[in-house]
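What follows is a set of notes on a single structure, which appears directly below.
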Number of protein chains: 2
Amino acid sequence: MMRLGDQGGHVNSRVIAQLAGVSQATVSRVLNNRTNVSPQTRERVLQVIEALNYTPNVLARSLATRKTNTIGLVVANIKNPFFAEIVESITNIAASQGMNIILCSTSQDHRLQRQHVRMLIEHRVQGIIMTSVMLDDSYIRTLVPNGFPVVLVNRYLPGVPADSVVIDNYSGAYEATRHFIRLGHATVGYVRGVRNTSTNRDRERGYREALNQAGIPVRRGWIFDGHYSWQGGYNAGLRFLRLRHRPTAMLCADDLTAIGFIDALYDRGLRVPDAVAVIGFDDVQEASYRPIGLTTVRQPVTAMAEAAMRLLLDRIGGYCGDPRQIVLPAELVIRKSCGANPLWYLARGEETLVADAVPVN
Amino acid sequence: MMRLGDQGGHVNSRVIAQLAGVSQATVSRVLNNRTNVSPQTRERVLQVIEALNYTPNVLARSLATRKTNTIGLVVANIKNPFFAEIVESITNIAASQGMNIILCSTSQDHRLQRQHVRMLIEHRVQGIIMTSVMLDDSYIRTLVPNGFPVVLVNRYLPGVPADSVVIDNYSGAYEATRHFIRLGHATVGYVRGVRNTSTNRDRERGYREALNQAGIPVRRGWIFDGHYSWQGGYNAGLRFLRLRHRPTAMLCADDLTAIGFIDALYDRGLRVPDAVAVIGFDDVQEASYRPIGLTTVRQPVTAMAEAAMRLLLDRIGGYCGDPRQIVLPAELVIRKSCGANPLWYLARGEETLVADAVPVN
DNA sequence: CAGGAAGGTGTATACGTATCCAGCACGCTC
DNA sequence: GAGCGTGCTGGATACGTATACACCTTCCTG
């Protein structure tokens, strides 16, 4: 009995054809479920295929059809659970459409990212979903006008006419900051994400405007650099601890950053929300871990992934219209890290309250 | 000026050849940095390539060379940070070797996994790294004898002569359980992982034997089913709460399970380690988050990834020796979730103590 | 019964690259 | 000056599949 992967001597469709006593074209027709093959012939070919455990060569097929059924997915960092969730969603949707994905993880590194994009094009992917573009990644601009399907997710590029899917980061940060203010915080700081990303720019703007409108001055010393990472948040926390006058509330550019920030405080004996109120961004699963209980601005990952795939498949299908930007609403998820009693909000109905899921066993 | 992806009319090496006034063979030689091309010719060809922004077609190249420089990586669940870390490590190593990876996420689903393996073979990957085999995935057995390079990571298959890289799960669980016992716990429970995995089998065995040797009976009611997931741990926690007589310590099959378990207790007002001592498995970054502080058995992910790639590349390079199994040591990382004062261990020197990294700013 | 549609099959070629082989020019050695 | 190695180049072919086209048979229609 022959087995999976057992193709000693490189079995190809011609070998199958010979053994089944038909032409290679007929074998191809059987493989592709074409109708114009007689039942007897089809059966004979299938038997030989089965016997030799023949597996068609996708490379050759793609070369001949000029379609790879493959799309590229570029993320900043797989270890960030937010991106892991995006990868999972997009992979699932792609699989259901018969599409394969090639995954690339740039580490916020321009050169590496560009290299990855080049690799994807060498592999003749039919489109690319990018979640990690920086504001100065202008070379993306050179892909789009040629009609190459590109969809930006999570981040976008102003002035580059590419489809994109984002949440309303400005409003998310604005509402989060207002939430602090309503709780009585008169001093609010911010831990940045990577600076040249649309995501950070919009969030920082929302933070600043909320303070401005409340007549609260923005203090430069209360804005720290993070890098969308635990380590960045931790380092920001250490710097925070050295301040003479500390803000009583901190907005963080994403959940990992927030957790790193909280950990730094924890290592010095300070607790959240007692010492400082904290809000993050993304609502990754880690934020919901009970001992952490991070209040955060949710990104609806599944909806974003679905929208992105829809846009991309439209482009791959030949759609040539103007670029579309899909902006999904941000949603504040309140947990204990900013110290409020969720019930208070329920009564006031001012914010969206999402209770932690308590599954039935 | 022409641009990336701009290959209107399908530029190929023949077009380059014509425009450069050379043969297609020469273009190929330039692309592959062969020595036997005169500097002038090389320069001329490169200029045309630059001008047309030509990108060679990897598919055609792979077809001709019969080498794809691609390996398949099959993981159980990208959202599990343990696998995310493996993916990251292996991707990096692969990239440094000029190898691409195709990533597949089976969801502990036999059929899906088999489908993925088939896809990988259709894509003519030169080898496969599998992290998600189940004990009854005997079809893997059919790959190996044909000399197809397969390396199993994290889990292995007894009786299947494939290379594998694992940690000593038995000892890890044994030591973790002994740790509980030394702390004075006379009642220790266990939350399983997926049952038909070598990983769970070995860990459960270590748990049982440690209890046996200490003369502590293993109570069936104190062993719960989990599935290497937060949800599984959470459900186990709910069942745990319904027990009349609860054990005072719980070993969990992995960190996610442990965190889910802790969260279930938390939602009912119980705290770890006050109410129950908990130890997990893997030492993912989440375990080190300070508010969680999970004691756990570390898997040295980077070392495992490196070993796996080395084994796989050996096989791809033609090595045909007997299968090699690499067993790395498990290391108990003590944090607060089992309530011990780490300094006590430092003094006694009985366990490995790994302090949480406190980075210098 | 002529004519045509429809179903089934084979031949030839294309997809884009790598590589074997032959050929040519040049410079060197004896 | 014959012989020979060496550096560079082009022609031809292979990789494994899909598909346009032609051909044949059969069966149906008028």
Side-chain angles (χ1 to χ4, degrees), chain A residues 5 7-46 48-49 52-70 98 119 121-126, chain B residues 5 7-46 48-49 52-70 98 119 121-126:
Chain A
Q7 306 202 355
H10 299 289
V11 178
N12 58 29
S13 59
R14 239 180 294 265
V15 173
I16 302 294
Q18 193 159 355
L19 266 60
V22 297
S23 72
Q24 178 265 330
T26 300
V27 173
S28 172
R29 280 186 275 257
V30 171
L31 285 175
N32 294 286
N33 277 322
R34 298 259 178 268
T35 52
N36 46 351
V37 180
S38 76
Q40 304 92 311
T41 308
R42 158 166 284 126
E43 188 53 36
R44 202 148 27 97
V45 172
L46 286 177
V48 177
I49 286 177
L52 296 194
N53 207 305
Y54 159 74
T55 316
N57 186 324
V58 172
L59 300 172
R61 174 178 295 174
S62 294
L63 191 60
T65 58
R66 302 159 139 259
K67 283 170 66 176
T68 55
N69 289 324
T70 301
M119 183 272 284
I121 291 179
E122 284 179 350
H123 278 262
R124 297 299 187 265
V125 296
Q126 300 189 249
Chain B
Q7 306 202 355
H10 300 289
V11 178
N12 58 31
S13 59
R14 239 179 294 264
V15 172
I16 303 293
Q18 193 158 356
L19 267 59
V22 296
S23 73
Q24 179 265 328
T26 299
V27 174
S28 173
R29 279 187 276 259
V30 172
L31 285 175
N32 293 287
N33 276 321
R34 297 261 179 266
T35 54
N36 47 351
V37 180
S38 76
Q40 305 92 312
T41 308
R42 159 165 284 124
E43 189 51 37
R44 200 148 29 96
V45 171
L46 286 177
V48 177
I49 286 178
L52 296 194
N53 208 305
Y54 160 72
T55 315
N57 187 325
V58 173
L59 300 172
R61 174 177 295 173
S62 295
L63 191 59
T65 58
R66 301 158 140 260
K67 283 170 65 176
T68 55
N69 289 324
T70 300
M119 184 272 284
I121 291 179
E122 284 179 350
H123 278 262
R124 296 298 187 266
V125 296
Q126 300 189 248

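Residue numbering restarts at 1 for every chain, and letters A, B, ... go by the order of the sequence lines.
- In this structure a side-chain-to-backbone donor-acceptor pair under 3.5 Å is present from Arg42(A) to Arg34(A).
- Straight-line distance from the CZ atom of Arg61(B) to the P atom of dG16(D): 18 Å, rounded to whole Å.
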Problem set entry | Criterion side-chain contact (heavy atoms from CB on, under 4.5 Å) on Arg61(A) and Leu31(A), from CA distance to verdict | CA-CA 11 Å; Arg61(A) 174 178 295 174; Leu31(A) 285 175; 4.3 Å; yes

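- If you measure from atom CG of Leu59(B) to atom C1' of dT17(D), you get 12 Å, rounded to the nearest angstrom.
- Heavy atoms of Ser28(A) sit under 4.0 angstrom from at least one base atom.
- Note: CG (Asn33(A)) to P (dT17(D)) measures 16 Å, nearest angstrom.
- Among the candidates Val22(A), Asn32(A), Val48(A), the single residue satisfying the side chain to side chain contact (heavy atoms under 4.5 Å, CB included) test with Val27(A) is Val22(A).
- Looking only at side-chain heavy atoms (C-beta outward), Arg124(A) and Leu63(A) stay at 4.5 Å or farther from each other.
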Pick out the pairs of N or O atoms, protein on one side and nucleotides 9-11 of chain D on the other, that lie under 3.5 Å.
unit_1	atom_1	unit_2	atom_2	d
dT9(D)	OP1	Ser38(B)	OG	3.1
dT9(D)	OP1	Thr41(B)	OG1	2.4
dT9(D)	OP2	Ser38(B)	N	3.0
dG10(D)	OP2	Ser23(B)	N	2.9
dG10(D)	OP2	Ser23(B)	OG	3.2
dG10(D)	OP2	Thr26(B)	OG1	2.8
dG10(D)	N7	Arg29(B)	NH2	2.9
dG10(D)	O6	Arg29(B)	NH1	3.4

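- What separates CG of Leu31(B) from C1' of dG16(C) is a distance of 11 Å, to the nearest Å.
- In this structure, Arg14(B) atom CZ and dA14(C) atom P are separated by 10 Å, rounded to whole Å.
- When distances run from any side-chain atom of Asn57(A) to the nucleotides dT17(D), dG8(C), dT17(C), the shortest one goes to dT17(D).
- Listed for the Gln126(B) side chain is a donor-acceptor partner under 3.5 Å among the backbone atoms of Asn69(B).
- By the side chain to side chain donor-acceptor pair (under 3.5 Å) test, Thr65(A) pairs with no residue at all, sequence neighbours left out.
- Contact between the side-chain N/O atoms of Ser13(A) and the OP1/OP2 oxygens of dT17(D) is found at a separation under 4.0 Å.
- For Arg66(B), a side-chain nitrogen or oxygen approaches OP1 or OP2 of dG16(D) to under 4.0 Å.
- Taking only side-chain atoms of Leu63(A), from C-beta outward, the nucleotide of dC15(C), dT17(D), dA18(C) with the closest atom is dC15(C).
- OP1 or OP2 of dG16(D) lies within a sub-4.0 Å distance of a side-chain N or O belonging to Asn12(A).
- Comparing atom distances between the Ala60(A) side chain and each of dA18(D), dT17(D), dA18(C) picks out dT17(D) as nearest.
- Taking only side-chain nitrogens and oxygens, Arg34(A) comes nearer than 4.0 Å to OP1 or OP2 of dT19(D).
- The closest donor-acceptor contact from the side chain of Arg14(A) to the backbone of Gln24(A) lies at 3.5 Å or more, if one exists at all.
- For Ile16(B) and dA18(C), the CD1 to P distance is 13 Å, given to the nearest whole Å.
- Rounded to an integer number of Å, the gap from CD of Glu122(A) to P of dA18(C) is 11 Å.
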